[in-house]
2 protein chains.
Amino acid sequence: MTIVTRVPRGEARARLLAAARSLVRHKGFAATSVDDLCAAAGVTKGAFFHHFPSKEALGVALVQDWTTTTGAMFAAHPYNSLPDPLDRVFAYIDLRRQLLDQPIPEFSCVAGTTVQEAYESSPPIRQAAAESIGSGAEHVRPHLVAALAAHPVPGVTAESLAQLFQVAVQGGVVVAKALDTPTPAREAFDHLERYLRLLFDRPPT
Amino acid sequence: MTIVTRVPRGEARARLLAAARSLVRHKGFAATSVDDLCAAAGVTKGAFFHHFPSKEALGVALVQDWTTTTGAMFAAHPYNSLPDPLDRVFAYIDLRRQLLDQPIPEFSCVAGTTVQEAYESSPPIRQAAAESIGSGAEHVRPHLVAALAAHPVPGVTAESLAQLFQVAVQGGVVVAKALDTPTPAREAFDHLERYLRLLFDRPPT
DNA sequence: AAGACAATACCAACCAGTTGGTATGTATTC
DNA sequence: GAATACATACCAACTGGTTGGTATTGTCTT
């Protein structure tokens, strides 16, 4: 008598999204088949297409889910409550560096990985990735706005700096994957911090 | 009587690599099928598997071909012959910005795009991408070495700066694809130039 | 409180088309 | 004439997606 432990009713969608997050980070979106996803989630194809009308729809949901969960994670982090805005920026960089203390697939960005494949082949997924990257920039932009208000730097906007953070994050993932080491990503954040300290005339304490 | 213009004998391999470069930049590696490649190259499957033992082998050859052609393009560029090393670095940044005056797929990096998908699924391709990224850093690293020799900056190495360039290039592509505009990539290079001018005490002329 | 009923959540089997790859044949070149 | 450079035809495995069904849940009525 074999006891088949089934996935509890109501969890299928969440498990599919979790499986997708992991598989996409490891193999990319196109290389992850619907069968892969169902097997990893412990669910059948019927369940998959009950919750998602297509594989593309799951891709959109995956990126949106990524946006909200990472958004919640950053929003809840104590760095947001430091009194000085520039300290908040530096604490954000620290947090970013801490995230690199994980295996590479674990710190790679779902939106960034997916958009490379979806840029032309799936406008909806690209759109979701755009919102994700934009929302990600919002984790530093307000602090940069406040810091620049207290200490203006000619020719430098909070928006372009916030996007520079995103470029560093995404580029860090790509280079880390290529060289198979998080070091270049970490050092990119070191340079970013040094750049900001020079811009804002705030030498390391 | 239909005249079928065939691909001249001996060109199949080169045409397959050219087709692969274009298709991979637009759709990614996994989403590009062998049939796609043959159709785009105007060649049959027999030709494909005559020149490449597998799709993976074409992926490796594609990345290697990318490394050599881009390497030759940068090596031949006049920025290398400027007298001052830091001027060479700034001219390299200018060149990088010029490359952004193209449609996004045209300036996206084949190695960077591919490695995201191949990181775990294909060690040989990942290895080729590692060599490509490493070789790419060599287009600035010597100039940074010379610039730092003339004007040392405590705590800053030419190697980590060269890798920062790679992070900016790769991150620029990802963010540009996500937001569907080259602006963040361009501004990342602006910030990079400003950072270097601060580090080397070389205000804009 | 119990029964009817419809929605929801899921499953197993199946489908047509596509995938990477092969076996075999033929025209060119050296 | 032997190697090289292809073309044609084909295949098993897998692809995203569909089908028809079942078990579970909530909801409304009596």
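The chains referred to below are lettered A, B, ... by the order of the sequence lines, with proteins before strands, and numbering in each begins at 1.
- Residue pairs meeting the side-chain hydrogen bond (donor to acceptor under 3.5 Å, both in side chains) criterion with at least one partner in residues 72-83 of chain A, sequence neighbours excluded, are A:N80-A:H143.
- In this structure, B:R13 places its CZ atom 15 Å from P of D:dT4, rounding to the nearest Å.
- The separation between A:L23 atom CG and D:dG16 atom P is 12 Å, rounded to whole Å.
- If you take CG of A:L37 and C1' of C:dC11, they are 17 Å apart, rounded to a whole angstrom.
- B:E131 has its side chain out of reach of B:V63: every pair of non-hydrogen atoms, C-beta onward, lies at least 4.5 Å apart.
- Between the side chain of A:R197 and the backbone N or O of A:R202, at least one donor-acceptor pair lies under 3.5 Å.
- The two residues A:G112 and B:Q116 have their closest heavy-atom pair at O-NE2, 4.1 Å.
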Can you tabulate the close N/O pairs, meaning under 3.5 Å, that link protein atoms to atoms of nucleotides 15-20 of chain C?
{"residue": "C:dG20", "atom": "OP1", "partner": "B:K55", "partner atom": "NZ", "Å": "3.2"}
{"residue": "C:dG20", "atom": "OP2", "partner": "B:V34", "partner atom": "N", "Å": "2.8"}
{"residue": "C:dG20", "atom": "N7", "partner": "B:K45", "partner atom": "NZ", "Å": "2.9"}
{"residue": "C:dG20", "atom": "O6", "partner": "B:K45", "partner atom": "NZ", "Å": "3.2"}

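- Rounding to whole angstrom units, CZ of residue B:F48 and P of C:dT22 are separated by 12 Å.
- Residue pairs meeting the side-chain hydrogen bond (donor to acceptor under 3.5 Å, both in side chains) criterion with at least one member in residues 59-68 of chain B, sequence neighbours excluded: B:R21-B:D65, B:T67-B:S132.
- Formation of a donor-acceptor pair under 3.5 Å by the B:R25 side chain with backbone atoms of B:C109 is not found in this model.
- When rounded to the nearest whole Å, the span between CG of A:L16 and C1' of D:dG17 equals 15 Å.
- Under the side-chain hydrogen bond (donor to acceptor under 3.5 Å, both in side chains) criterion, the residue pairs touching residues 160-170 of chain B are A:H191-B:S160, B:T157-B:S160, with sequence neighbours excluded.
- Among all heavy-atom pairs drawn from B:F48 and B:V43, the shortest one is N-CG1, 4.3 Å.
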What nitrogen or oxygen pairs link the protein and nucleotides 5-8 of chain C at under 3.5 Å?
{"residue": "C:dT8", "atom": "O2", "partner": "A:R9", "partner atom": "NH2", "Å": "2.6"}

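- For the contact set between residues 120-128 of chain B and DNA chain D, defined by any heavy atom under 4.0 Å, there are no members.
- The backbone N or O of A:S33 sits less than 3.5 Å from a side-chain atom of A:D36, completing a donor-acceptor pair.
- In this model, no donor atom of one side chain and acceptor atom of the other lie less than 3.5 Å apart for B:Y92 and B:R88.
- Listed for the A:R15 side chain is a donor-acceptor partner under 3.5 Å among the backbone atoms of A:A41.
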